[in-house]
Amino acid sequence: MSRIGVFTCWCGENIARTVDVERVAEAVAQIPGVRCSVHNKYMCSDPGQTMIREKIASERLDVLVVASCSPHMHLKTFRKAAGQAGINPYLVEMSNIREHCSWVHHDKEKATEKAIQLIRLSVEKVRRNRALEPIKVPVTKRALVIGGGVAGIQAALDIADTGYEVVMVEREPSIGGKMAGLSETFPTLDCSQCILTPRMVEVGQHSRIRLYSYSEVESVDGYVGNFKVTIRQKARYVDIDKCTGCGECWNCCPLKKQLSEFDYGMGTRRAIYVPFPQAVPARPVIDKNACTKLKKGGCGLCEKKCLAKAINFKDQDKLVEELVGAIIVATGYQLYRVGQDQGKRKLSGYGEYGYGRYKDVIDSLQFERLVSASGPTGGVIKRPSDGVVPNTVVFISCVGSRDNAKGLSYCSKICCMYTAKHTMLYKHKVHEGQAHVFYMDIRAGGKNYDEFVRRAIEQDGARYHRGRVSKITEENGKLIVRGADTLAAVPLTIEADMVVLAAAMRPSDGAEELAQELGVGYDEFGFFSESHPKLRPVETNAAGVFICGACHAPKDIPEAVAQASAVAGKVQVMFGHDEMTREPEIASINEQTCAACFACVRTCPYHAIEKTEIRSPKGILVKRTARVNSGLCMGCGTCVSVCPSKSADLEGFSEQQIYSMIESLV
Amino acid sequence: MTTHPTPAHPIALIPVENCYQCGKCTAGCPMAERMDVMPNQIVRLAQLGELERALRAESIWLCVSCQTCSTRCPKSFDCAGLMDILRQQAVEQAKAAPSQVRTQLFQKAFLRNIRRYGRLNELELVRTFKTLAFLKDMNIPFLVKDALLAFKLQQRGKLYLMGERVRDRGVVDRIFQRCL
Amino acid sequence: MSATPAFEPKIVAFVCNWCTYLGADLAGTNRLEYPANVRIIRLPCTGRIDFNLLIKAFEMKADAVLVSGCHPGDCHYTSGNYHARRRWMLFRELLAILGVDLDRIHFTWISAAEGKKWQQVITEITEKTREMGPYAYLSPARTATDEQWREEAVS
Amino acid sequence: MEIGYYPGCALHGSSNDYEASVHACLKALDVSLRELDDWICCGATAAHSLNHKLSIALPARNLGLAERDGFTQMLAPCPMCSMELIKAGRCLAEDPQVRKEISGIVELPVTGKTKVLNLIQVFQQVGLERLKSSVKTTLESVRAACYYGCLLTRPPETLQFDDCEQPSSMEKILEALGAKVVTWNYKTECCGAGMTMANEETVLDLSHKILSNAAAHGANCLVVACPMCHVNLDMKQGDIESRFNVRHGMVVYYLSDLVGLALGLDPQTLGIDRHFVTRPASPAQVAN
């Protein structure tokens, strides 16, 4: 029989105002097994914790219930206090009589009655708790970074510079991500490539970073500290070790008119190409959907020209395995494809803006390439249809963002800023030009951000109209933009030469599949979920998996970089230990009673249950059984509820405990 | 989701607070240029509970019910539906803008017409409408304006001196009685 | 008027630790008042819900049971809530056969951000259950031979 | 194929050319129309502007008649009628309370289960292949601007027909008949609809823009599937021309006119000679 101590907290007035704490303590003292029932003004305070420690000693208590706030608030506090007094931390439970009782009820009688019941429930549970030890697992001190955009680069360099190895996987032929294609960045207007490319080179040359470009994560097995990652290296048809990057091949390729992905279709490339001159690795790739040799067996000119013999038309996808202890997801974003198929998520609409039909209606990333000095026009703003410099440009914000009907309900956060930047860059290049912006609200929170927007308006003369655009049509080479200026309360039609749509930020293609592979939560839009929005912003609910950058939510470069460094810090903390501990409240299988139906194996979301065989010393099969891998089990308990033979159980939430909790409610 | 009208719809049931005043309704409205109060302002007035001004606005009578606003609304707010309700209330409360009286008279004449015959009797509709309008504004050119049109229609066999009527006119009248 | 106290239904809520429990916490933080009739049993995940638990709750004189977890796609454990829902589909017939009044079982998804929804759900269920009146569930196994059972169990 | 038919007031009035065209054309395609017995007016804009309940009840009466007569599908060639009927049908289907109340008002049990079709949908049911194979005279010289107006596609959640911003169903039919279609900007802009009488200025203004844009994009005729659009663009074209001092001379066809011509029917049968703006006598000359 346990000696149970119950400690009821007043939480100042917070609990005591509606719950008669003294009466609770008296009532609880009557429960069989309760040796000590006391109360204190602030149980979590130093005097409160001292009281707990003293009572443990004086009453020889061996299990505790603290009735105060939510266990999410202070369970760790009280378990630690109990641990210091020599009680196994897992023999402490909490009753939530604040959030679930005193704060939500006004009737003192009922609230007091409820508090007593809640404590009784915890008492019934705690007396069946078992002493547990945290699970220790070894740590492989290598990190995987998925995604080589600015966030991934920052995280990788920070971790590698601390002395740990990093494996980076980038889907595209070069790292650099979206930022590599940007022109100048707000609010300082510094050149994007100038600040990014040196970092890209660092990654490419770092002795502790192994870069897999043009590769994707195929599968992830294992658990925190011990992941086994399979990486698919897509056939590049160029041996990047032999290749010197001399450029003979892409200069001789006769297929000149391939639309460049890097330029978002605004420029062209060859069938063998380096996406952009500063690419890392600065090695070409062959577009198998364009190359004549790969499609029909002709040409082969590049192979003949290559002195390094690096071209390999027989190249195939390769799978490689890497062992890592932590995984960092930095898969970034893509733009809402205006008025076009958005893949699975049935986002449709914006037929009224004519994107895809009118050549001079472009999206914001395309505009970035138009103003970029390294872009297809050499930084001269020429509209796509006829190469004429546009005299009037309309910028439309919130395209897809904040549009529940045809798009996404959230704000993409950075569009207000880059649209202001676009108007400035445009004005700086086309002095006579007029920029119009249709906006709903200007969201320019951040250091020097609002000043930046005001500069666009006051100095560079961008005309801001508060209203959405309803329709764009094309008439005699002009785009007729029908909007409204709600501040002037007028409908407003502007004849523009070009229209730039600030399309919403969405997670990259494949983000959801990756989230599922990693066991990380994601929201309805496909953005990865953090473990706690305030206190664990870069961790996920899958231990050992971290997130940074726009895969988590729309964010700008400074924020993505800050998050990336935060992730690096978390990984360094993890790698600072040779072993790591995990919560021991996990499932177990009674192998004696297991009927080997393996329903648990099929339902376990973590693939943490394996089929095993018990053999006699002579190797004769005694029985087959399921077995929990304690490194993988996260303790959800799904196996317990599906087990027909009741052989599965969960520490901390055992069958016995839950049934006796229910029984205590009589 | 767009709210579908139900037979009883006090204005309080319309989720006007869903509108975030982006102005796309005004931007796309074919009639906005002629309106005294913009569609988004009409919604705004409804949000503020300033119905008086909305009910007296000419705009609600200029609205052609083309539904462009409701169709493109990013919040799926049924602005065209709100216009309907405001029109109904404006008539009920005798607040309809005097300058737009013709539209009201036309619609009243239209309903009177179908109440009587069950189907539209175009010639009689024009006659009723013109008479009502004339009694209101004594505008002779407007009264006789479409006389020539009648001739042209007749030439094309499109003019029916006697319109159709339904057999069960009783039920039509009773439907009107129950609804009005 | 009458001296008999109003019927106060007993509602047992099985909630997951990561969404609904936190949603209820949020209701508290925001001081959203609701009837005191609910007793929360915290589970790691609704995937842990075994439908025997529901029967047990009704045997223990619960008048209504609520099962609430994370929204689809939001499960802390990736898919526990789907398992719960799938099993509910399978087991509801069985519960009906066992004589459980299915109208007294409620399923919802309440996220950690939905304190307001928790308040509404609890208020609605309490009101509904109050209207339905007390529930005296007797499992078929227990009805006739309750005593016998207990004896057997003891021995 | 037999389907129910709700002509609506316009087709039994000054838009009798549309009715002639629809009848002749569908007959040639072996679609027989069974007119709803003793149908009443749908109430149109007047009802939904002045009395909401009436705007449900009037179409609901017709839906009740259709259910009584066992119609599963019913063509309403006027988009105003079809929209009102569909809207009422949705209201009825969604809410049992409404069903009960309205059934009482209209003195007929009504559930809203009858599927109401616009003219384009009937052609779609006939099928493009069938249309293609029935062509007797290809419409080679036709360069049509297909005009949908407001009510064929809006409100989209209620009507669930075609893309409300870039509809293409009429184009597909005309292309199957060998006609050329032009890309233009005013496909779904409003022509002023039922305001013809009460607010003529507006109608002339809006319709003028539509006619101009169609011509600017190289169309030699407009194609509509709405009697009100036809009134505004055809009958009022003279007024538009004198108001804006321009010469449009734009022939405005009903969709069924062009289908009929392609099927070898003569313009008189299709009622084309009753249009205000006329030119052609034979299909070959349709668009000269």
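Chain A is the first sequence line, chain B the second, and so forth, proteins listed ahead of strands; every chain is numbered from 1. Just so we're clear, the structure is a prediction, and the values are computed from it rather than from any experiment.
In this structure, the side chain of C:Lys56 does not engage the main chain of A:Ser660 through any donor-acceptor pair within 3.5 Å. A donor-acceptor pair is defined here as one N or O able to donate and one able to accept, closer than 3.5 Å; such a pair exists between the side chain of C:His83 and the backbone of A:Thr603.
Proximity to chain C involves both the backbone and the side chain of A:Leu665, based on heavy atoms less than 4.5 angstrom apart. Of the atoms belonging to A:Glu663, heavy atoms from both backbone and side chain fall under 4.5 Å from chain C.
Sorted by first and then second residue, the salt bridge (charged side-chain N to carboxylate O under 4.0 Å, His left out) pairs with a member in residues 642-651 of chain A read A:Arg130-A:Glu651, A:Lys646-A:Glu655, A:Lys646-C:Asp50; sequence neighbours excluded.
Looking at A:Ile662 and C:Phe14, their side chains come closer than 4.5 Å, going by heavy atoms from C-beta outward. Side-chain contact between C:Asp25 and A:Ser70 is present, with heavy atoms from C-beta onward closer than 4.5 Å. Side-chain contact check for C:Pro35 versus A:His105: every heavy-atom pair is 4.5 Å or farther apart.
Counting only N and O atoms by type, the side chains of C:Arg48 and A:Thr638 include no donor and acceptor under 3.5 Å apart.
Rounding to the nearest 0.5 Å gives a distance of 8.0 Å between CD1 of C:Ile41 and CD1 of A:Ile658. Between A:His106 atom NE2 and C:Tyr34 atom OH the span is 11.5 Å, to the nearest 0.5 Å. Atom CZ of C:Arg42 sits about 4.5 Å away from atom CZ of A:Phe653, to the nearest 0.5 Å.
Put simply, of C:Ile122, C:Ile49, C:Leu22, C:Val12, the one with the most heavy-atom pairs under 4.5 Å next to chain A is C:Leu22. Interface summary for chain A: among C:Asn30, C:Leu53, C:Leu26, the most heavy-atom pairs under 4.5 angstrom belong to C:Leu53. Among A:Cys636, A:Ser664, A:Pro605, the residue with the largest count of heavy-atom pairs under 4.5 Å with chain C is A:Cys636. Among A:Gln117, A:Met661, A:Met73, A:Arg98, the residue with the largest count of heavy-atom pairs under 4.5 Å with chain C is A:Gln117. With chain C as partner, the option from A:Asn96, A:Val520, A:Leu121, A:Leu118 having the largest number of non-hydrogen pairs under 4.5 angstrom is A:Asn96.
Scored by the salt bridge (Lys or Arg N to Asp or Glu O under 4.0 Å) test, A:Lys125 finds A:Glu93 as partners (sequence neighbours excluded).
The two residues A:Lys110 and C:Ala36 come nearest to each other via the heavy atoms CB-CB, 4.1 Å. Among all heavy-atom pairs drawn from C:Pro44 and A:Gly635, the shortest one is CB-O, 3.3 Å.
Note: A:His72 and C:Tyr21 have tilted aromatic rings, judged against thresholds of 30 and 60 degrees for the angle between ring planes.
A:His532 NE2: more than 12 foreign heavy atoms inside a 6.0 Å radius.
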